[in-house]
Structures are given as structure tokens and as C-alpha cells.
Amino acid sequence: MTDKRGKERIIIHIDYDCFYASVWENLRPELRTVPLGIQQKSILATCNYIARERGVKKLQLIKDAKAACPDLVIVNGEDLTPFRDASRSIFNFIAGTLVGTNQMERLGFDEIFIDVTALVDHNLALLLNSAPGDTFSFHLTLSPPHTTFPINLHNLPPYTHPSDSIPPSFSSLSLDTSGQAQPPETIRLLQRLYLATHLATHLRTLVKSTHNHTASAGISTSKTLAKLAGTINKPDAQTVLHPTTTQAFLDKFEIGKIPGIGRKAATIIRQLVNPLIEPEEQLHEEWFEDVKQKVTVLEVRTKLTQVDLARSPLGGTEAAKVWAWIHGLDDQGVGAKKTVPSQITVEDTFRSLTRAEAVMEVLDRLHSKMLSRMSSELVEDPEAAGGVGKKRWIAVPKTYRLSIRTRKHGFGNRVSRSMPLPSWVLSGVINGDNEGTVGRLSREMGWNLMKRALKEEGEERGWDLQLVNVGVAGIEGAEGGRRTIGEFFGGKGKQTVREEVAEVEEMDGEWELWEEECYVDGEEDEDVWGVCSVCGGRMLRFTLEAHARFHALEHSEGMDMDMA
DNA sequence: TGGGGTCCT
DNA sequence: AGGACCC
């Protein structure tokens with residue numbers, strides 16, 4: 001629907017290579033040259049490329065990984081703090097680099113989508129209005145302070161898909177590879193992708209030089225295509241999709257590889273394409289039996305209709321989305337930059353947990369981590385950042401939630417109970433009374449909700465916990481304590497972001513005036529921004545603390561390592 | 001088979 | 001409160 005030609009969005013997807021392993025390699029540089037795996041309980045969360053060459057796989061059982069690679073070095077990755085800090089630091093760094101670009105969304109700890117449409121269009125206008133030359137200064141910012149980087153107009157960074165389908169020289173984009181003239185809309189789209197490709201390379205270079213993480217990137221016209229494009233050339237590389245060949249590109253993927261089509265949906269679709277059971281004999285439960293066949297997007301498109309999908313257990317709404325995705329139509333907008341999470345949870349898993357005292361110890365430990373994270377992610381402490389002033393909440397959670405999995409309940413099934421978050425928890429965080437607050441949380445909140453959940457699930461006696469998760473939720477973004485641009489215009493979140501970009505474009509040279517009006521909270525702007533004393537990076541002041549922990553961990557000693 | 005996250009129903 | 005999806 002936003003696919004008016006010439007107005008396609010331009011999306012960059014960045015994915016840091018084997019991120020957890022890379023974070024550990026920065027903590028302990030000697031790990032760079034050995035096969036390295038990151039352990040969480042009985043599985044390897046991820047591993048570096050040296051380990052992969054030796055036959056180690058992501059999400060493999062530890063014992064299988066050790067069998068494949070006996071000298072695998074294993075580190076524990078159950079505490080996500082270093083990964084979370086590095087992830088936030090890189091995200092904030094990129095956000096600080098692309099000032100004025102607000103559609104920037106994290107997926108997990110190691111992926112970022114950036115909608116660079118406005119930025120690229122701004123630069124294309126500059127380029128087309130300037131005298132022809134061999135280089136062009138790409139403007140990274142849409143608002144001051146302005147920064148640029150030079151791009152070589154005769155050299156397109158590798159790679160394109162299909163190979164060499166886009167000429168390396170900007171001035172040659174008007175002709176296809178056989179010298180045939182291209183339609184104007186195609187030329188313009190190629191020019192925009194060309195600029196975005198240079199930008200992606202620059203961002204990857206910056207991430208490498210400031211944070212020492214290599215990344216892979218995909219450049220295309222939607223989230224789905226950008227993400228899939230990034231899988232073509234992998235590690236430390238990138239791929240731009242030629243815009244007229246996207247259907248052929250999509251057709252080759254197994255249906256379950258399409259982002260948004262998960263295990264349930266993929267199983268249903270595979271069954272529809274290749275029914276193993278006569279229709280009359282199909283019972284509802286059998287729809288979900290995993291038959292492990294490979295069905296490509298092409299097969300789904302040609303052997304089924306959208307109506308077939310809609311009549312399946314997928315339902316009409318999901319069917320419509322799937323049908324659009326596999327035809328290269330993907331309307332999903334990149335969400336607005338988020339600096340506060342909407343929930344904070346902490347969990348641990350067990351083979352068996354049956355004693356009340358053991359449960360209380362677990363609750364204490366989880367609550368302690370929960371409070372630390374509330375303090376570092378939701379509270380701004382001017383003094384910790386080297387200034388003066390009182391601590392204040394950036395955003396406040398509304399609910400407390402406890403989630404458990406019991407042996408009887410089994411597998412993926414969690415049961416959860418929640419309550420309004422009492423104000424004494426908030427005071428405890430602000431006053432730094434961790435010990436008192438932890439005890440009270442475990443006794444008055446966690447334990448009671450657990451008893452309620454077990455009772456209502458009929459497991460009052462003989463319970464056996466496999467997972468305990470506690471957290472706070474309903475954190476509504478105050479985005480740095482100020483209202484966001486979207487809220488200022490009376491919109492809400494994601495849906496309004498495209499309109500914001502349009503507004504910014506129209507305001508054009510009057511950005512400074514505009515920036516003043518974006519914030520209606522009355523505080524001075526200076527206040528919000530801080531500069532890191534170690535690397536000089538400019539970032540939102542309340543993010544400095546996590547950023548500082550990122551620096552503190554660089555080359556630090558003393559984290560546990562287990563040589564297998 | 002982890003320890004997180006998101007949004008939708 | 002649960003379920004789908006993502007890493």
C-alpha cells in the first residue's frame with residue numbers, strides 16, 4: 001500500500017556476527033583464536049566461526065558440541081548483562097550517528113532495522129543537485145550537528161544479489177547489465193539502494209572501529225527482504241537486493257525461513273501443500289504434527305491460493321499476511337527508536353525445584369537482579385553520570401508478574417500470575433534498599449503468586465518447578481522523560497512514524513525551531529544529552545551508565561571460563 | 001533446549 | 001493470561 005513506485009521504503013538490516021561469542025572475544029582477546037562456545041545450561045547458545053568450522057552448531061547440546069570439537073572452549077552465557085550492555089551501546093551509538101532518523105528498531109540483542117528512506121532521499125536530492133564528481137559527501141544527519149562521510153561514486157561495496165546485477169558506477173545505473181535503458185522509476189530506486197548500500201558499509205565500519213564487532217547487513221525495500229538479503233553473504237559482509245528480482249529471490253526460501261512464519265504456521269502450510277493424511281481423517285491436533293518436509297515459497301505460491309490458507313487453521317488475518325509476504329509485499333514499518341524496554345524479566349531454569357526454602361532462595365536471587373535492572377534501565381541518576389540532581393524515573397512499570405513452568409505442565413507451557421506493582425518496590429529502587437525490598441518481594445509477591453498459580457493449576461501438592469521467571473511489565477515509554485514527537489502530534493507509537501518523517505522533510509531548513517517544539521516537557525535540551533568520557537560518543541544522558549559498564553568490561557579480567 | 005524480548009487476542 | 005512470533 002505504500003508501494004507507489006519511487007516511494008518504496010529503503011530498509012537496512014544489521015546483524016552482528018555470532019554476537020555473544022564476539023562480546024566474549026572482546027572481554028578476553030585470547031579467545032579470538034580458539035573455538036569458542038557460549039553455554040546456557042545444557043545447550044550452546046552460540047559459538048564463533050572457528051567452532052563452526054569444526055562442526056559445532058548453534059543451539060547444539062553441550063555434549064554433542066564437545067563430541068564434535070573436543071577442544072571447544074566454553075564460557076557461561078546465562079547472565080546476559082554484558083550482551084545487553086554491548087547491544088545497547090551499539091544501538092545508541094548508531095542512533096547518535098544518524099541524528100534525525102527515528103525509525104530504528106532492535107530485534108533481540110544482535111539485530112537492528114533502520115528505515116533510511118528519508119535520509120537516502122535527502123542525500124539523493126543533494127547528489128542530483130550537485131556538480132558531477134567522483135565522490136559525494138553523504139550526510140548522516142537530518143538535523144544538527146551535521147556529519148558526513150565520503151562515498152566513491154565509481155565503486156559500489158560488495159555484494160549485490162543477483163551477483164553484479166547493479167553496476168558499480170552511480171552514473172551507470174540508468175542502464176541494465178546488457179546496456180538496456182531502464183525505466184525512470186527503476187533508475188531512481190537503484191540510485192536510492194546505491195546510496196543505502198554505501199551507508200550500510202559505513203555503519204558496519206563504524207561499529208567495527210568503535211565496538212569491535214563485525215556485522216552482516218541486508219539492504220532492500222522492506223523489513224522481510226532486507227533481513228533475508230543479509231543472510232546471503234555472512235560474516236562481515238552485506239548484500240543489496242536488485243529490486244526487480246525479489247520474487248525470484250523469495251521463491252527459493254523454505255516457507256519456515258520467512259520472518260513471521262514460525263513453527264506453527266510453517267507446519268500448517270507444509271501440510272496444506274503436501275497432505276500426508278486424507279482430508280476426512282484429519283483431526284485438528286494432527287495439523288500440528290511436524291512432518292519435517294521442505295516446502296518452498298514458490299510451491300506455496302503456485303500450489304495454494306490465499307483462500308486455501310485462509311480456510312486452514314491459520315485463519316484469514318494470518319493468511320493475508322503470509323500471502324503478502326511471500327509475494328514480496330511487506331508493509332511492516334520499522335518501529336520508532338525505543339530507549340526504555342516495555343518489560344524487564346529475569347529467569348532461571350532447573351531440572352527440579354521442590355523445596356520451599358530453595359524456591360525462596362531462587363526468588364531472592366531473581367528479584368535482586370530485577371531491582372538492579374530496574375535501577376539501571378529505568379532510573380536516571382545525574383550523579384552517577386557526573387552531574388548533580390536527584391534520581392528520577394524515566395518510565396515506571398505498572399505490574400509485577402511471576403511465571404513458572406512445572407514438570408507436570410511440561411514443555412513450552414508457562415503459567416503466569418500478575419499484580420499491580422506496589423509503590424514500596426519503586427521506593428526501594430530509588431533508595432537503594434535492595435536487601436529489604438528483595439525479601440519483601442519474595443515473601444509478599446512472588447511466593448503468594450506462585451501458590452495461587454499452583455493451586456489454580458491443581459498442583460498444590462507435589463509440585464516440581466522447571467522454570468521461575470519474575471519481572472515488571474506495563475512500562476510505558478516516557479522516552480527520556482519527554483514526550484515523543486508522535487505523542488506531541490496526538491498519534492501513538494509505530495503507526496505515526498512515517499508521518500513524522502514526512503513532517504520533518506517538509507519543515508526542511510527550519511529543523512532547529514522544529515526540534516525545540518518536539519519536546520513539550522519544559523526542560524532544557526542540553527540536559528538530555530551527554531558525552532562519554534572514554535570514547536567521546538554523544539548519547540542520551542541516561543544511557544551513559546550502561547555505556548560506561550560496556551567500557552568497564554572491555555578487557556576486564558575475572559569472568560569465569562571453563563576450558564573443556 | 002536458553003534467557004531473554006515483541007505484539008496480538 | 002496466554003499465545004504467536006523474534007533472537
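Predicted model, so just to flag it, every value in this text is computed and none were measured. Below, chain A is the first sequence line, B the second, and so on; all start at residue 1.
- Of the candidate nucleotides C:dA1, B:dT6, B:dG3, B:dG3 has the atom lying nearest to any side-chain atom of A:Asp348.
- A sub-4.0 Å separation between OP1 or OP2 of B:dT6 and a side-chain N or O of A:Lys338 is present.
- Between A:Ser342 and B:dT6, a side-chain N or O to OP1/OP2 separation shorter than 4.0 Å is present.
- Between A:Thr317 and A:Ile344, the residue anchored nearer the 5' end of DNA chain B, judged by the nucleotide with its closest heavy atom, is A:Ile344.
- Between C:dC5 and A:Lys264, no contact under 4.0 Å exists linking OP1 or OP2 to a side-chain N or O.
- Atoms CD1 (A:Ile258) and C1' (C:dC7) sit 17 Å apart, rounded to a whole Å.
- When the nearest nucleotides of DNA chain B are assigned to A:Lys321 and A:Asn469 by heavy-atom distance, the more 5′-ward of the two goes with A:Asn469.
- Taking the six-membered ring where the residue is Trp, A:Trp463 and A:Trp447 present perpendicular rings, their angle passing 60° and hence far from 30°.
- Using a 4.0 Å heavy-atom cutoff across all strands shown, A:Arg106 reaches no nucleic acid atom at all.
- The residue A:Lys227 sits close only to the backbone: its heavy atoms come under 4.0 Å of sugar-phosphate atoms, none of a base.
- As rounded to whole Å, 15 Å separates atom C1' of B:dG4 from atom CE of A:Met370.
- Looking at the side chain of A:Lys41, the nearest of the listed nucleotides B:dT6, C:dC7, B:dG3 is B:dG3.
- A straight line from CD of A:Glu318 to C1' of C:dC5 spans 9 Å, rounded to a whole angstrom.
- One atom, CZ of A:Arg414, and another, P of B:dG2, lie 11 Å apart when rounded to the nearest Å.
- Atom CD in A:Gln332 sits roughly 11 Å away from atom C1' in B:dC7 (whole-Å rounding).
- With hydrogens and angles left out, the side-chain atoms of A:Asp17 and A:Thr214 include a donor and acceptor closer than 3.5 Å.
- Rounding to whole angstrom units, NZ of residue A:Lys58 and C1' of B:dG3 are separated by 16 Å.
- Backbone-only engagement by A:Arg84 is indicated by non-hydrogen atom pairs under 4.0 Å involving sugar-phosphate atoms exclusively.
- A:Asn48 and A:Glu25 share a donor-acceptor pair across their side chains, judged by distance under 3.5 Å alone.
- One finds a side-chain N or O of A:Ser416 lying less than 4.0 angstrom from the OP1 or OP2 phosphate oxygen of C:dG2.
- Distance from the side chain of A:Leu80 is smallest to B:dG3 among B:dG3, B:dG2, B:dG5.
- One finds no side-chain N or O of A:Thr349 lying less than 4.0 angstrom from the OP1 or OP2 phosphate oxygen of B:dT1.
- The side chain of A:Ser418 sits closest to C:dA1 out of C:dA1, C:dG2, B:dG3.
- Among C:dA1, B:dG2, C:dC5, the nucleotide with an atom closest to any side-chain atom of A:Arg417 is C:dA1.
- Distance CZ (A:Phe83) to P (B:dG2): 16 Å, rounded to an integer number of Å.
- A 6.0 Å sphere centred on NZ of A:Lys57 holds no more than 12 heavy atoms belonging to other residues, nucleotides or ligands.
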Inset, instruction - Apply side-chain contact (heavy atoms from CB on, under 4.5 Å) to A:Val415 and A:Arg405, showing your working. - result: CA-CA 6 Å; A:Val415 172; A:Arg405 194 204 306 143; over 6 Å; no
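- At a threshold of 4.0 angstrom between heavy atoms, the contacts of A:Glu111 are confined to the sugar-phosphate backbone, with no base atom among them.
- Among residues at least two apart or in separate chains, salt bridge (Lys or Arg N to Asp or Glu O under 4.0 Å) pairs with a member in residues 226-237 of chain A are A:Glu111-A:Lys227, A:Arg204-A:Asp236.
- Taking only side-chain atoms of A:Leu61, from C-beta outward, the nucleotide of C:dG2, B:dT1, B:dG4 with the closest atom is B:dT1.
- Taking the ring-ring contact (aromatic ring centres under 6.0 Å, His included) definition, one finds that A:Tyr159 meets it with nothing, sequence neighbours left out.
- The side chain of A:Ser42 contributes an N or O atom lying less than 4.0 Å from OP1 or OP2 of B:dG2.
- At the heavy-atom level, A:Gln60 lies nowhere under 4.0 Å from the strands shown.
- At whole-Å resolution of the value, NZ in A:Lys223 and P in B:dC7 are 10 Å apart.
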